[in-house]
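Working notes, beginning with the structure itself.
Just so you know, these numbers come straight off a predicted model, no measurement behind them.
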Amino acid sequence: MTEQAVNDNSLSKSKDSNTDTTKHLTVTLPAAGGSSTVEAVLELDADATKHPRLAKITNYPAKEGVNPPSDVRETHVILSIGSGHQQAAIFYDECVGPILAAVYPNDHEKFQIHTTTSVTSVLELTNNVIFMRANAGAAFRIIVLSGDGGVIDLVNGLSSRATSPSYVAPQVVLLPLGTANALYHSINVGKTNTWGVNALASSRSRPLPIFTASFSPGARLLVDEARSEAELSEDPSTGRPTLHGAVVCSWGMHAALVADSDTAEYRKYGVERFKMAGKEALYPADGSAPHAYKAKVSVLRGEQWTALKEEEHMYTLATMVSNLEQPFCISPHSMPLDGSMHLVHFGPTSGDEAMRLMGLAYQGGKHIEDPAIRYEAIDGIRIEFEGREEEERWRRICVDGKIVRVEKDGWVELQKDARSVLDIVVV
């Protein structure tokens, strides 16, 4: 495909400009078969957290330079009904489904729709259906209406076993229906937010860079709002408990915010839940200073591990993306899907100072210019607790939103993974 049109300048108010804040965005897609193009007009709400609605859809004769999809792979659609504001099913019915019917008039009825019923639904689908067939050479396209968690479950299911020479990496279309949608916003940084609709007909894709986090024996995955624990999958070659990811691995303040805000009560506030949990962590009710996290932290550059001189920490984060939320640029030197990993770190400080530093990340990543911030390209990170933290809550590790509790003398080691198990559709 050589071109897809997103008419940014067609954004306009639809009714009385004094009272109505609704705007429209026109997205032009090539229809399969090459005989026409599809023009979808999306109705955008002033509240950016609300998904667009389809105002109208029209077919026009094919435009020069707009090519149809080169092939129609076996297509699966995943509706993660628990993600974000729980709008995946509605967004599909109101917007995505009708567009797919117009773009793929002869094929859309063959698309398989999967609606999640539990937090393990995507992983089960990957393990039971997608991996086995992709490993035998089947070419998949997976349209994912979820947050980052849906993609990460795909990554873990596809990475848990060795692939054959016949393996074909599934193509994934990201439609951001989660809370933060770090992958989507990092891949599309600086572009008009079309909620992924403009990628529905694209035949271009790029490999998704991933990492592997290995844990000491005894590490447990916290589930059901941390009321229960689950065993982690073991790497068949090392026997270590393992998680794979593509966004972030963190310990300290970031991991605590994600863990503490991962409840049904917090989730109804959307991305604001992180700020709400942050205030509680940075300004303890007893008036004390924020916790100083204790562990030995080492970074990998090439094949050399180097320990940081600091023995106490507040924010320790390794990331392969630029933005953890659309406005929150945690790693401004990260380019979309470039495979780099960067460390963001600062030591113990006051709640006000931590808020100031993180506030700079909302200003295009200006925090990396502050002398209090350590920011550098790395190939891995290792955190060893060595019995320094008595309480379990200070030993929680975040891997792409999943929370792992490490033992008192435990450790976690993260390294970039050279494998490519899925591709992200781009425009």
Partners passing ring pair (Phe, Tyr, Trp, His ring centres under 6.0 Å) against W394 (at least two apart in sequence or in another chain): H291, Y293

Any residue meeting ring pair (Phe, Tyr, Trp, His ring centres under 6.0 Å) with Y184, in chain and number order, not counting sequence neighbours: none

Value rounded to 0.5 Å, distance of NE2 in H185 from CG in N323: 8.5 Å

Residues in salt bridge (charged side-chain N to carboxylate O under 4.0 Å, His left out) contact with E312, at least two apart in sequence or another chain: none

Donor-acceptor contact below 3.5 Å, side chain R220 vs main chain S228: no

Sub-4.5 Å side-chain heavy-atom contact between L208 and V172: no

Pairwise ring pair (Phe, Tyr, Trp, His ring centres under 6.0 Å) hits with a residue in residues 295-314, at least two apart: W251-H313, H313-H345

Residues which pass salt bridge (charged side-chain N to carboxylate O under 4.0 Å, His left out) with E369, listed by chain and number, not counting sequence neighbours: none

Taking distance alone, no hydrogens or angles, what donor-acceptor pairs closer than 3.5 Å link side-chain atoms of residues 417-427 to residues at least two apart or in another chain?
from, atom 1, to, atom 2, distance (Å)
D417, OD1, R419, N, 3.0
D417, OD1, R419, NE, 3.2
D417, OD2, T212, OG1, 2.7
D417, OD2, R419, NE, 3.3
D417, OD2, R419, NH2, 2.9
R419, NH1, S159, O, 3.1

Side chain H108, main chain Y104, donor-acceptor under 3.5 Å: yes

Smallest separation among heavy atoms of H367 and L357, with atom names: CB-O, 3.4 Å

Solution key, residues 145-158 side-chain donor-acceptor pairs under 3.5 Å, sequence neighbours excluded:
from, atom 1, to, atom 2, distance (Å)
D148, OD1, A182, N, 3.4
D148, OD1, L183, N, 3.0
D148, OD2, A182, N, 2.8
D153, OD1, K402, NZ, 3.0
N156, OD1, H244, N, 2.8
N156, ND2, I152, O, 3.0
N156, ND2, H244, O, 2.9

Side-chain donor-acceptor contact under 3.5 Å, D352 with S350: no

Side chain to side chain donor-acceptor pair (under 3.5 Å) partners for D370, two or more places apart: R356

N188 (side chain) donor-acceptor with K191 (main chain) under 3.5 angstrom: no

Flag, side chain of D260 to backbone of L257, donor-acceptor distance under 3.5 Å: no

Criterion side chain to side chain contact (heavy atoms under 4.5 Å, CB included) against C249, the qualifying member of L243, L317, I397: I397

Interatomic spacing from CG in L44 to NE2 in H24 - rounded to 0.5 Å: 8.0 Å

For P332 against G364, the heavy-atom pair lying closest together: CB-O, 4.2 Å

Show me the side-chain donor-acceptor pairs of residues 90-103 shorter than 3.5 Å, one per line, residues at least two apart or across chains.
none

T116 side chain vs S118 backbone, donor-acceptor pair below 3.5 Å: no

Any residue meeting salt bridge (charged side-chain N to carboxylate O under 4.0 Å, His left out) with R382, in chain and number order, not counting sequence neighbours: E384, E413

Distance-only donor-acceptor check, side chains Y375 and S331, under 3.5 Å: yes

Heavy-atom donor-acceptor pair, T242 side chain to R240 backbone, under 3.5 Å: yes

Residues K56, E39: salt bridge by 4.0 Å N-O rule: no

Partners meeting side chain to side chain donor-acceptor pair (under 3.5 Å) with N128 (sequence neighbours left out): none

G302 backbone acceptor or donor facing D379 side chain under 3.5 Å: yes

Check: V406 main-chain N/O paired with R395 side-chain donor or acceptor under 3.5 Å: yes

Check: M253 and V258 side chains under 4.5 Å, non-hydrogen atoms: no

Salt bridge (charged side-chain N to carboxylate O under 4.0 Å, His left out) partners for E303, two or more places apart: none

